[in-house]
Amino acid sequence: MKVELDPDSAREPIIEFRKAGYRLPNGQALLEDLSIAVGRGETLALLGRSGAGKTTALKLINRMLDPSDGEILVEGKSTLGWDAIALRRHIGYVIQDIGLFPHFTIEQNVSLIPRLEEWPVERIRARVKELLSLVGLDPDTFSKRYPHQLSGGQRQRVGIARALAVDPPILLMDEPFGALDPLTTGELLKEFRQLQRRLQKTIVMVTHDVGESLLLATRIALLDGGKLAGIFSATEFLSAQEPLAAAYVANFRMYEEAERANEPH
Amino acid sequence: MNLIDFFIRHQREIGQATLEHIWLVGISMLLAVAIGVPLGIIVTRHPWLSKPILGGANIAETIPSLALFGFLLPVPWLGARADRLVITALMLYALLPIIRNTSTGISSVNAAVREAARGMGMTQNQILFQVELPLSVPTILAGVRVATVLTIGIATIAAAVGAGGLGEFIFRGLAMVNDQLILAGAIPAAALALLADFILSLLERRLRPAQS
């Protein structure tokens, strides 16, 4: 698969996979020969079934995993040349189970990295307020609460606020809108799209949801069995000939057809 | 009413012996926590060390206390004084529950919490001291509680090697076939165990983090 850049973000790539692969110690390959360049400000969706290598690819970006083959460049530098801690603080990370710290208040959760980076207290307090408002949570109501006092959707918002704390240029999201009821997911998606336009982050997100990909992503990278099956823009994806992409689209269209079938004649 | 009279008449000696008892148990427990918690952390970091460390602590646990005193007697510095000997033995008994609960506490921290911590760029030490240990405190305290209650009981045997404590009364009572003397040792020892259990369980509940 040749390296291709999104035409309207043909600026310098901020993340670049070069023939990257990851194998388990027992030799089983989870990801093979992946080459993609992600332009600054772009949102790339990694779409595929469970076990397709999406999360593996994501974890290679912030050195949660190191590649067994090839390399991944972040800001033009191989991840192996980055200090893992510095790299991770340069990249926001949101996972499906969020992983809020249960013994910290919302404020402490959001301010963890600024505190580790020894920001002045006043700046931290202002930043927490700003972030909570940004993700649609009232700072006065939520700052002092603990994670278990929040609903799933609210916790997910806190997870996003926490990932944005030190204003990293890159955001990695592993099924951030999964595990919520569909209405909550919908609301969150809508708000996140506005947030995305405002903040202009480079985002790589793992998803198995076509709607979510079409809504948020500038491009969709389709993974199948640890290999890249194709890279598409939203319009390309909807008319793609590639069998797996076509299957996803057909599945997605099923809902529209159901709607049409139920229209009164 | 005889017994109460006896307690009142001998309150100074009983008080003295209780303080000795608390001292022996207290020092042993401090040492056991100081050694057991780091060992528990090591076990979670290096799984291959878990067999030798937990195995060793397990063996110490199974040696009868009188025999353990006997084994420690010829050890140069330790055997020289009864209190050193007893404190070492008591500490060895207390180690197992503390090591085991520390490692259980740390390994039962939610995987998502640990992954988020790592992914956000916390160092291993920051994860240990700010996330894993605080979340394990209740489990570790539960181990300390079990160990303390166990140690308070075993410490009565310390009198056999002349380290004092409430065991003095029990051994003297046994020798003189005097029930009141035996009870003068046994009742305060039981009360101490209950009290320690109560206080530590209170602490444990207070420090339990909110459930997510």
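Residue numbering restarts at 1 for every chain, and letters A, B, ... go by the order of the sequence lines. Here the structure is a predicted model, which is why all the values come from computation and not from measurement.
In terms of heavy atoms, B:A116 sits closest to A:G99 at CB-O, 3.5 Å. Closest approach of B:R118 to A:M64, counting heavy atoms only: NH2-O, 3.0 Å. Considering all non-hydrogen atoms of both residues, B:V113 and A:L100 come closest at CG2-O, 3.6 Å.
Both the backbone and the side chain of B:Q130 come within less than 4.5 Å of a heavy atom of chain A. In this structure, the portions of B:A117 lying under 4.5 Å from any heavy atom of chain A include both its backbone and its side chain. The contact between A:I98 and chain B is made entirely by backbone atoms, counting heavy-atom distances below 4.5 Å.
Atom CD1 of residue A:I85 and atom CD of residue B:Q124 lie 8.0 Å apart, to the nearest 0.5 angstrom. Taking NE2 of A:H103 as the start and CG of B:L207 as the end, the distance is 12.0 Å to the nearest 0.5 Å. Atoms CG and CD, on A:D97 and B:E115 in that order, are 8.5 Å from each other to the nearest 0.5 Å. Atom CG in B:L135 sits 8.0 Å away from atom CZ in A:F104 (nearest 0.5 Å).
Within a 6.0 Å sphere centred on CZ of A:R115, heavy atoms belonging to other residues, nucleotides or ligands number more than 12.
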Inset, instruction - List the steps, then state whether side chain to side chain contact (heavy atoms under 4.5 Å, CB included) holds for B:M122 with A:R88. - result: CA-CA 9 Å; B:M122 291 180 92; A:R88 289 175 195 152; over 6 Å; no

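Comparing A:V94, A:L112, A:I91, A:L87 by how many heavy-atom pairs each has under 4.5 Å with chain B, the most go to A:L112.
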